[in-house]
Amino acid sequence: MTDLDMKIQKLARLILEAKNIVVLTGAGMSTESGIADFRSPGTGLWEKVDPYEFGSVSSYVANTGKNLNFMLEMGKHIFSARPNKGHKALTKLQKLGKLKGILTQNIDGLHIRAKSKNVIELHGTALEAICMRCNKVVPITVMVNKFLSGSSPSCEQCNGLLKPNAIFFGEPLRSEVLQQADELIEGCDLFIILGSSLLVYPVAFYPRKALSMGAKLAIINIQETDVDDDAEIVIHQKIGDILPQIIEIVEKKILENKKK
Ligand SMILES: NC(=O)c1ccc[n+]([C@@H]2O[C@H](COP(=O)([O-])OP(=O)(O)OC[C@H]3O[C@@H](n4cnc5c(N)ncnc54)[C@H](O)[C@@H]3O)[C@@H](O)[C@H]2O)c1
Ligand SMILES: [Zn+2]
């Protein structure tokens, strides 16, 4: 058995033993759906654009057209993306009764499209727009159609400026979302991190929070992270190559145990 096979078996065993599993996902969860992450060497978006030029509230208000053009470029990939093997494996794990919920930093809606339940979208969603004045939420297509037809992307209710309903740089996360995340992590006994550099706060705190609750940590991420040393198991591979194998082992074992 190779070292990797042993890790796969070990993570399957940890999942089978756990009673309260929470998964945290980042942009690496969706790269296999064709959506670039921010920090992968060579392909990450931050090698191509200055994060402070786009995606902060002040730059959006000052240069709405320029920001929206850039966001539409990124959005195209999001709108045409489909859930990948990794998203589907998580949905399967949940159907097996082994996954309480998913905390995601992603704004692409792919966990929900893969029919996972109890998905907390910490950074909001790119599939909606919100009015910066009255907080009315509309489908993103309403905003995009206005912009592409040359009219101002403004709210039909109050004429305020619409923005994608995703958290921009410098914006705080919504308190109700933070509370839901805290509740999900409370009592968790296995915390699985998939495809996140863990460099963005408050998500970067969550692994330590889970550890302090007595949870074990498992990580599948191509690159190293700062919490690798605290994890029970770390696999530096692609999620889509590894996670479906693990969930298959878990499913087999559960079915075997049912027959006994
Ligand atoms: N899909 C999306 O919605 C999307 C895309 C880009 C950025 N973002 C936003 O970017 C911020 C960046 O933080 P982050 O930690 O989520 O992303 P990040 O770009 O900082 O880190 C992604 C990590 O995933 C790893 N990775 C990439 N592809 C992988 C794969 N197939 N299998 C396993 N690991 C893989 C990389 O090695 C990297 O460490 C988040 O706030 C998120 O909202 C979201
Ligand atoms: Zn409004």
Side-chain angles (χ1 to χ4, degrees), residues 23-49 51 54-55 70-71 73-87 89 102-113 119-127 129-138 142-143 152-171 173 177 192-204 206-207 218-228 234-244:
V23 163
L24 168 68
T25 68
M29 186 80 218
S30 296
T31 52
E32 292 169 76
S33 292
I35 305 171
D37 64 8
F38 282 168
R39 296 181 182 81
S40 276
T43 53
L45 275 173
W46 289 165
E47 290 196 0
K48 298 182 184 129
V49 290
F54 297 102
F70 166 70
M71 287 172 192
E73 236 359 88
M74 197 180 150
K76 268 189 214 158
H77 298 287
I78 291 185
F79 302 138
S80 61
R82 300 272 173 277
N84 64 43
K85 288 187 277 181
H87 296 106
I102 300 174
L103 294 168
T104 187
Q105 299 180 88
N106 296 342
I107 56 170
D108 55 35
L110 289 179
H111 287 300
I112 293 171
R113 285 181 58 190
V119 178
I120 300 173
E121 294 180 305
L122 294 155
H123 294 170
T125 173
L127 307 183
I130 186 166
C131 171
M132 294 177 77
R133 191 184 289 158
C134 75
N135 290 335
K136 183 179 161 73
V137 171
V138 294
V142 170
M143 188 186 91
S152 138
S154 54
C155 172
E156 271 157 23
Q157 191 162 277
C158 77
N159 214 31
L161 181 62
L162 292 173
K163 76 180 258 298
N165 197 9
I167 302 293
F168 281 14
F169 287 109
E171 270 192 298
L173 270 62
V177 167
I192 306 176
I193 298 156
L194 302 172
S196 175
S197 62
L198 299 173
L199 292 172
V200 179
Y201 284 85
V203 163
Y206 288 161
I219 303 176
I220 306 178
N221 200 66
I222 296 174
Q223 288 169 283
E224 289 178 7
T225 77
D226 285 351
V227 292
D228 281 10
V234 182
I235 302 179
H236 290 143
Q237 301 280 337
K238 280 189 175 177
I239 298 161
D241 291 343
I242 301 298
L243 193 62

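Start at 1 and go down the list; that is how both ligands and their atoms are numbered. Just so you know, these numbers come straight off a predicted model, no measurement behind them.
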> Among protein atoms, how many N/O/S atoms lie less than 2.8 Å from the Zn ion (ligand 2)?
Replying inline: 4
>> Could you check whether any side-chain N or O of Asn221 sits under 3.5 Å from a backbone N or O of Leu194, counting only pairs where one atom can act as donor and the other as acceptor?
In response: no
> If you take all heavy atoms of Gln237 and Ile242, which pair is closest and at what distance?
Replying inline: CB-CG1, 3.5 Å
> Any idea which of Asn84, Ile222, Leu194, Val203 brings a heavy atom closest to atom 35 (C) of ligand 1?
Replying inline: Ile222
>> Could you report the tightest heavy-atom contact between Ile107 and Ala166, atom names first, then the distance?
In response: CG2-CB, 3.9 Å
> Is any side-chain heavy atom of Arg113 closer than 4.5 Å to a side-chain heavy atom of Arg82?
Replying inline: yes
> With side chains defined as the heavy atoms from C-beta onward, is the minimum distance between Met29 and Leu110 less than 4.5 Å?
Replying inline: no
>> Among Gly26, Ser196, Ala81, which one puts a heavy atom closest to atom 15 (O) of ligand 1?
In response: Ser196
> Would you say Lys238 has any N or O atom under 3.5 Å from an N or O of ligand 1, going by distance alone?
Replying inline: no
> Quick one: does Lys163's side chain get under 4.5 Å of Ile130's, heavy atoms only?
Replying inline: yes
> Taking non-hydrogen atoms only, is Val200 closer than 4.0 angstrom to ligand 1 via side chain, backbone, both or neither?
Replying inline: side chain
> With respect to atom 1 (N) of ligand 1, which of Thr125, Asp108, Ile193, Leu243 exhibits the smallest heavy-atom separation?
Replying inline: Asp108
>> Side chain, backbone, both or neither: which applies to Ser30 and ligand 1 if a contact is any heavy-atom pair less than 4.0 Å apart?
In response: side chain
>> Are there over 12 heavy-atom neighbours, none belonging to Asp226, within less than 6.0 Å of that residue's CG?
In response: no
> Does the side chain of Leu161 reach to within under 4.5 Å of the side chain of Arg133, using non-hydrogen atoms?
Replying inline: no
> Around atom CD of Glu224, are there more than 12 heavy atoms of other residues, nucleotides or ligands at under 6.0 Å?
Replying inline: no
> By number and element, which atoms of ligand 1 are closer than 4.0 Å to a non-hydrogen atom of Glu32?
Replying inline: 30 (C), 31 (N), 32 (N)
>> So for Met29, does at least one of its heavy atoms come nearer than 4.0 angstrom to any atom of ligand 1?
In response: no
> Hey, does Ala27 come in under 3.5 Å of ligand 1, counting only N/O atoms on both sides?
Replying inline: yes
>> Quick check on contacts: which atoms of ligand 1 are under 4.0 angstrom from a heavy atom of Gly195?
In response: 22 (C), 23 (C), 24 (O), 34 (N)
> At a non-hydrogen distance cut-off of under 4.0 Å, which region of Ile107 contacts ligand 1 (side chain, backbone, both, or neither)?
Replying inline: both
>> Test your reading of the model: is there a side-chain donor-acceptor pair from His123 to the backbone of Gln105, 3.5 Å cut-off?
In response: yes
>> Minimum distance, heavy atoms only, to atom 42 (C) of ligand 1: which one of Gln105, His77, Gln223 is it?
In response: Gln105
>> At less than 4.0 angstrom from any non-hydrogen atom of Gln237, what atoms of ligand 1 do you find?
In response: 32 (N), 33 (C)
> With atoms numbered from 1 as shown, which atoms in ligand 1 lie under 4.0 angstrom from a non-hydrogen atom of Thr31?
Replying inline: 27 (C), 28 (N), 29 (C), 30 (C), 31 (N)
>> What I'd like to find out is whether the side chain of His236 reaches to under 4.5 Å of the side chain of Asp228, using heavy atoms alone.
In response: yes
> Quick one: does Ala36 get a heavy atom under 4.0 Å from ligand 1?
Replying inline: yes
> Could a heavy atom of Asn221 be found less than 4.0 Å from some atom of ligand 1?
Replying inline: yes
>> Looking at Thr31, is its backbone amide N or carbonyl O close enough to the side chain of Asn84 to form a donor-acceptor pair, meaning the two atoms are under 3.5 Å apart?
In response: no
> Can you find a pair of side-chain heavy atoms, one from Thr225 and one from Val234, that are under 4.5 Å apart?
Replying inline: no
